[in-house]
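Worksheet: the structure to be examined is printed underneath.
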Amino acid sequence: MTANQDSSLIDGFFGEYRFLSNFWPCVIQYDGRSWPSVEHAYQSAKSHDHEYKTRIMQAATPGDAKRLSRQVQLVHNWLKIRVTVMSYLVRVKFLTYKDLGDRLLETGSAELIEGNYWHDDFWGMIKNSSGEWEGRNHLGRMLMQVRAELSEIRRGPIAQ
């Protein structure tokens, strides 16, 4: 797919679109600390435990951070705040790193689907037996929202 292609679809954050993934390496400032990726920061937010946060920060990969999070006692309201936390972190990523923001804008009006094979139909979508996408695609929708916001920011104030 060519960047800025209207009515297009990006249905996986791999290859040239890997930068859209939360696993993309970029230091994220969150909760008074520096995290090696959005995924590390997001997983850290699941608990108030300082020792857990340290282990997440030191996790060698975003996948390792995600695996560590499966063993933690979640903050009491995690299911209510997780989308807000992720939305904040995605914004930080693309507003902090101009090159990543530029690349997000280059996706034009493409629909962004976090298509996956690990059956995550909350953050992404999976194909059903008919080959149709199913899921809530929260991450894809967040990325499209951040893209729209970034476009507005880059346009600047409207001359009167």
(message) Pairing donors with acceptors under 3.5 angstrom, does anything connect the side chains of Ser151 and Arg147?
(response) no
(request) Check the surroundings of atom OH in Tyr88: do more than 12 heavy atoms from other residues, nucleotides or ligands lie under 6.0 Å from it? (result) no
(message) If you count heavy atoms of other groups shown closer than 6.0 angstrom to CD of Gln73, is the number above 12?
(response) no
(request) Return the minimal non-hydrogen interatomic distance between Ser47 and Tyr52, and the atom names on each side. (result) CB-CD2, 3.5 Å
(message) Would a single hydrophobic cluster contain both Phe23 and Leu139, if residues Ile, Leu, Val, Met, Phe, Trp and Tyr are joined by side-chain heavy-atom contacts under 4.5 Å?
(response) no
(message) Restricting to non-hydrogen atoms, name the atom on Arg55 and the atom on Leu68 that form the minimum distance, rounded to 0.1 Å.
(response) O-CD1, 3.7 Å
(request) Please report the shortest heavy-atom distance between Tyr30 and Trp35, naming the atom on each side. (result) O-NE1, 3.0 Å
(request) Would you check if Ile56 and Lys46 make a side-chain contact, meaning some heavy-atom pair closer than 4.5 Å? (result) no
(message) Angle between ring planes, Phe14 versus Trp118, binned at 30° and 60°: parallel, tilted or perpendicular?
(response) perpendicular
(request) Could you tell me whether Arg103 and Asp99 have a side-chain N and a carboxylate O separated by less than 4.0 Å? (result) no
(message) Is there a path of hydrophobic side-chain contacts, each under 4.5 Å between heavy atoms, that joins Met125 and Tyr117?
(response) no
(message) Starting from Phe19, can I reach Met86 by hopping between I/L/V/M/F/W/Y residues whose side chains sit under 4.5 Å apart?
(response) yes
(message) Checking Val85 against Tyr42 for the side-chain contact (heavy atoms from CB on, under 4.5 Å) test, could you report, in this order, the C-alpha distance in whole Å, the side-chain angles of both residues, the deciding distance, and whether it holds?
(response) CA-CA 7 Å; Val85 170; Tyr42 176 77; 4.0 Å; yes
(request) Report yes or no: does His40 contribute a side-chain atom to a donor-acceptor pair with the main-chain N or O of Ala59 at less than 3.5 Å? (result) yes
(request) Is it possible for you to say whether Leu89 and Tyr97 belong to one hydrophobic cluster, with membership spreading through side-chain heavy-atom contacts below 4.5 Å? (result) yes
